[in-house]
Structures are given as structure tokens and as C-alpha cells.
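Okay, so here's the structure we're looking at.
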Amino acid sequence: MAVVPGLRAVISLHRSVTLQHSFGLIKVQLRATCLPRRLCSAPTGSDEPKPQVNPDNQSLLENLNLMGVDVKMARQRQPGVLRKAFTNETGLFQFLQGKGVNRKIIASIISRYPRAITRSIAHLEQRWELWRNIFKMDSEIVTILERSPESFFRSSDNGNLEKNIVFLSSLGLDAKDLHRLLTTAPRTFSNSLELNRQMVECLEDICAELGGKNPEQFVKAVISRNLYILIRSTKRVRTNIDNLRASLKFSDSELLALLKGPGAEILDLSNEYLKNNFNSLQQKMMSLGCQKADIKKLISSYPMVLYIGPSTLSSKLDCLLRGGITMKQILEKPKVLDYSTQNIMGRLEELKRVGYDFQKNGINILDSSKKRFLAKIEKLRASPDE
DNA sequence: CGGACCGGGCTCTGCCATCCTA
DNA sequence: TAGGATGGCAGAGCCCGGTCCG
């Protein structure tokens with residue numbers, strides 16, 4: 001929605017009055033910005049950067065300083081905003097304050113995403129209402145705003161946002177999914193409708209190519225398992241799938257099952273990262289005497305192994321092997337790799353202390369919650385023979 | 001009743017490049 | 001043509017507990 005110039009002018013007009021009111025007696029600090037710009041520049045200097053055509057809006061800088069905005073950061077991020085004649089920082093301030101955002105956070109939001117101050121009250125109110133379609137409480141929105149101002153403010157197109165909500169709902173994502181989606185990957189809702197549609201079509205195509213009978217369900221499954229997918233490029237997703245297929249010789253149906261199941265999560269890794277991780281995993285496993293089939297089996301049953309970086313994975317495996325666990329056991333119960341190396345190390349020590357026999361009892365005990373693990377240890381201490 | 005199986009919860013921005021438009 | 005809008009990228013796992021089954 002376009003900002004109404006008339007309204008902006010009025011807001012601008014009242015700017016200093018309102019701010020004086022809001023901030024009381026806070027001193028204005030304008031030293032740096034008041035220094036004459038041309039003081040040091042020789043008129044004949046050929047390599048000197050051209051003086052700015054539009055200088056910063058001084059009264060805006062004054063306001064931002066009063067609000068506690070990190071102007072240096074703001075200038076670094078979006079210098080153009082500071083030169084604008086008409087902005088709405090006061091309106092934004094009051095709007096956010098009305099939503100329960102404190103002064104410090106508002107300052108931080110503007111510092112990180114200065115363009116926020118170019119949005120009109122009407123725009124802000126409308127956008128907020130649209131977000132409220134998905135969030136029950138203002139405080140939820142505030143949390144995200146604080147976390148990622150850009151997600152909320154980057155687009156000025158509320159109509160597009162509305163269409164996105166309709167579109168995403170039409171995919172069969174229920175209220176809970178939408179909520180999770182907007183919480184986790186708010187950028188999705190600032191994407192153009194077209195971009196989101198392209199990703200959905202891309203996923204549908206992939207499903208169809210792999211012989212899937214229900215592309216709609218596939219899309220839904222992938223999105224709800226990987227909430228970041230819609231903020232990735234289709235190129236990235238495509239390339240990852242192609243690479244997976246090529247390196248592991250998956251059949252269509254194997255790949256389809258993987259992707260709509262646990263494999264959805266690794267699709268949004270960067271292409272190089274996934275490739276590197278695969279290569280180093282392969283190398284590591286080969287060095288431990290595994291066959292290609294073992295690697296395929298591991299990735300099929302536990303694709304998240306590809307999420308783990310080379311050094312972490314290597315130390316995790318070494319730690320398990322040193323603790324007396326075999327590669328065969330890991331291949332049978334790959335979920336133990338889910339836990340941090342620290343955690344595994346600690347548990348291995350505990351188990352060693354009570355004389356736990358992995359050959360006899362298996363390694364499932366490593367794949368359990370802390371609570372359950374401790375309960376088990378207690379029991380073993382009480383009756384070590386078991 | 002203990003343990004295995006399995007799915008789900010958390011979680012992700014801030015920057016740069018490029019195209020678009022007033 | 002500056003500034004706005006938008007696309008895309010790098011970065012890199014861990015943990016819990018319900019439920020079912022022998």
C-alpha cells in the first residue's frame with residue numbers, strides 16, 4: 001500500500017513536538033552530524049567521493065537520536081532512508097509502543113531495519129491485523145519483530161501478504177502449521193506470492209517426476225517437516241535432490257519416500273555444504289570399513305546425518321567407537337548420532353562406570369531423554385548385575 | 001513394566017545483489 | 001537515478017516423551 005503523502009507531511013510537522021513530549025528532557029546530541037561536510041574536501045581533489053546530492057535529513061537524525069536509535073548502524077544498512085524528507089518514525093514509535101514494545105527494542109528495530117520508519121500508520125495497522133490472522137496475541141508478533149524486524153517490514157505490499165496467507169492456507173496447511181510457519185520462517189510471508197507459488201510448483205513437479213500420486217500431500221508434508229523450504233531457492237532444492245539421486249543411486253520411489261519423510265529437512269542445506277558433507281561422510285565410513293550400501297542405508301534411515309558437519313560427525317563417530325560401540329551398531333541405530341558429542345561422551349562414561357555391556361544390551365540407551373537415562377543409571381547402580 | 005519405535009518440538013537472520021519504479 | 005522491493009545466500013543439531021509391544 002502506498003503511503004499517503006499528506007499524512008506523512010502532517011506527521012513530519014508534528015514530529016519534534018511529539019518527541020519532546022515522549023522523551024521529556026533528553027538532550028539532543030548532534031555533534032557528528034552537525035559538522036560541516038565540506039570542511040576537509042579540497043574542491044580540486046579528483047579522487048574525493050562526490051558530496052552527497054541529498055544530505056541527511058537533520059531533523060530526522062535528531063529524532064532518531066532521541067529515540068536511542070543507533071544511527072551509525074542505520075546509515076550503514078539503509079543510508080537512503082536517512083535522507084528522506086518525509087518519514088514516520090514518530091508514528092512507528094507510537095504504534096509499536098501501543099503494542100507493548102519498549103523503547104529500547106523499538107530503537108533496536110529501527111537501527112537494524114531503518115526502512116521501517118517509512119511505513120504509514122495505516123499500513124502498519126493493516127499489516128498487524130493480517131499477522132493477527134495467524135497469531136492470537138500481539139506479544140507473539142512482538143517477539144518476532146524483535147527477532148527479525150526485516151521479516152515484518154521489508155515488504156510494503158499488504159495485498160501480497162494477504163494473498164500469501166490465502167495461498168498457504170489453500171495448500172491444506174492448518175492453523176497450527178501456518179502459525180509454526182510464520183513463527184519459524186516469517187520471511188515466507190514477505191516473499192512474493194509468485195515466489196512461493198514457484199516453490200510449491202517445483203515440489204509438485206518433483207513429486208510427479210518421482211512417480212508420486214499425490215503432489216498436494218507431498219508439498220504439505222515437505223513444508224510441515226521443513227518450515228524453511230519456502231525461503232530457499234528452487235535451484236537449491238533441485239540441485240540437492242539431483243545430487244542426492246546421483247550420488248546414492250536412489251530409485252524414484254526410494255527418493256520420494258525419503259523426501260516426504262525425514263529427508264525433507266536436508267533439502268535446504270546449501271548445495272556445497274550438502275555435497276561436502278556427503279563426501280566426507282562417505283570417506284569417513286569407507287575408512288571405517290563400510291560399503292556403499294551401508295552409506296545408502298544410513299542416509300535412508302537417518303538423512304539428518306548429512307546435516308552434521310564433517311568435524312562434528314567425525315568426532316562423534318570416534319567418540320562412539322572409542323566407547324566400545326561398533327559401526328554395525330551405529331548403522332542399526334543411527335539415531336544415537338542425534339545427540340551432541342558432549343552428551344554422548346558423558347553417557348558413555350556413566351555407563352562405563354556401571355559396567356554397561358553394549359554387546360549384550362545394545363545402544364538404545366544412548367537414544368533416550370535425560371530423564372529416562374538417569375532413571376536407568378540409578379537402577380543399574382542399585383542392581384549392577386542386571 | 002521396561003524398552004523400542006517413532007514423531008515431534010525448538011529453530012533462522014542479516015547481509016548483499018539485482019531488478020524495478022517513481 | 002536513487003532508493004525501494006525482492007531474491008538469494010551462508011551458517012550448520014539436539015532433545016523429549018507418547019505409545020505400543022513383548
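The chains referred to below are lettered A, B, ... by the order of the sequence lines, with proteins before strands, and numbering in each begins at 1. The figures that follow rest on heavy atoms only: side chains count, while hydrogens, waters and symmetry mates do not.
Between A/S270 and the phosphate of C/dA12, there is no side-chain N or O to OP1/OP2 separation shorter than 4.0 Å. For the OP1/OP2 pair of C/dC15 and a distance below 4.0 Å, the side-chain nitrogens and oxygens of A/N343 include at least one atom meeting the criterion. Applying the 4.0 Å criterion to OP1 and OP2 of B/dC15, one finds that A/R77 has a side-chain N or O inside that range. Close to B/dT13, at under 4.0 Å from its OP1 or OP2, lies a side-chain N or O of A/R147. Here A/S368 does not reach the OP1 or OP2 of B/dG3: none of its side-chain N or O atoms lies under 4.0 Å away. Side-chain nitrogen and oxygen atoms of A/S156 include at least one within less than 4.0 Å of the OP1 or OP2 phosphate oxygen of C/dA5.
Between the side chains of A/S148 and A/E150, no donor N or O sits under 3.5 Å from an acceptor N or O.
If you check distances only, the side chain of A/K335 does reach the base of B/dG7 with a donor-acceptor pair under 3.5 Å.
Between A/K370 atom NZ and C/dG17 atom P the separation is 11 Å, expressed in whole Å. Between A/M304 atom CE and C/dG13 atom P the separation is 9 Å, expressed in whole Å. Between A/D338 atom CG and C/dG17 atom P there is a gap of 15 Å when expressed in whole angstrom units.
Geometrically, A/R77 does not engage A/Y113 in a cation-pi contact, judged by NZ or CZ lying under 6.0 Å from the ring centre and within 45° of the ring axis.
Annotation for A/E162: atom CD does not count as buried by contact number, only 12 or fewer foreign heavy atoms lying within 6.0 Å.
Both A/Q76 and A/I231 lie near DNA chain B, and the one whose nearest nucleotide falls closer to the 5' end is A/I231. Looking at which nucleotide of DNA chain B each of A/R232 and A/R180 is closest to, the 5′-most match is held by A/R180.
Nucleotide B/dT11 has no partner under the Watson-Crick or G-U criteria, as no pair reaches both atom distances under 3.5 Å. Pair check for C/dG11 finds none; no Watson-Crick or G-U wobble contact set falls under 3.5 Å. For B/dG3, the paired base is C/dC20 (Watson-Crick or G-U wobble, both distances below 3.5 Å).
Evaluated for a side-chain contact (heavy atoms from CB on, under 4.5 Å) with A/F153, the options A/L92, A/I110, A/I117 yield exactly one hit, A/L92.
Nearest nucleotide to the A/K84 side chain, out of C/dG4, C/dC16, C/dC9: C/dG4. In the set C/dC14, C/dG7, C/dC9, the nucleotide with an atom closest to the side chain of A/N191 is C/dG7. The side chain of A/T118 approaches C/dG4 more closely than any other nucleotide in the set B/dT13, B/dG2, C/dG4.
In this structure, A/Y228 forms an aromatic stack with the base of B/dC12, since both conditions hold: centre separation below 5.5 Å and plane angle below 30°.
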